[in-house]
Amino acid sequence: MMNKKRVRETIFNLVDHWCSEEPIYRADLPWIRGQISFAYMIEAITLSEKEELVKGCSGECDCGDAEACEQSGYCKETER
C-alpha cells in the first residue's frame, strides 16, 4: 500500500526543488505535472493543493508581486 503522507511530502519537495534558483537537476515539467496529478488521484493532496502546485511549476503569479515571484521562481501565494 502506498504511503500518502510520503507521496505528499515528495510532491511538495519536488515542486520546491523545481522552483529553487539553482536546482541540482531539472526534471521534465510534464513529468512533474504527471506526478502532481497522480498524487491528487490517490488523494494524497487536495484539489486546491494540486492547482497551487501546478501553478507553482508554471511560474504564474497571483499575489501581485510579479517581480518577487519571478526572482523566487514561483508565486508567494502558492507557499504552504
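No experiment lies behind these values; they were computed from the predicted model shown.
- Using a distance-only test at 3.5 Å, with no hydrogens or angles considered, no donor-acceptor pair links the side chain of Glu51 to the main chain of Ser48.
- Here the straight-line distance linking atom CD of Glu49 with atom CZ of Phe12 works out to 4.0 Å at 0.5 Å rounding.
- Here the closest heavy-atom approach between residue Glu43 and residue Lys4 is recorded as O-CD, 3.9 Å.
- Between Ile11 atom CD1 and Asp16 atom CG the span is 11.5 Å, to the nearest 0.5 Å.
- Considering only heavy atoms from C-beta on, Leu53 stays 4.5 Å or farther from Ile32 through its side chain.
- Closest approach of Trp31 and Leu14 over heavy atoms only: CZ3-CD2, 3.7 Å.
- Of the inter-residue distances, the one linking Glu52 atom CD with Ile36 atom CD1 reads 11.0 Å to the nearest 0.5 angstrom.
- With hydrogens and angles ignored, the 3.5 Å screen pairs no side-chain donor or acceptor of Lys50 with any backbone N or O of Ile45.
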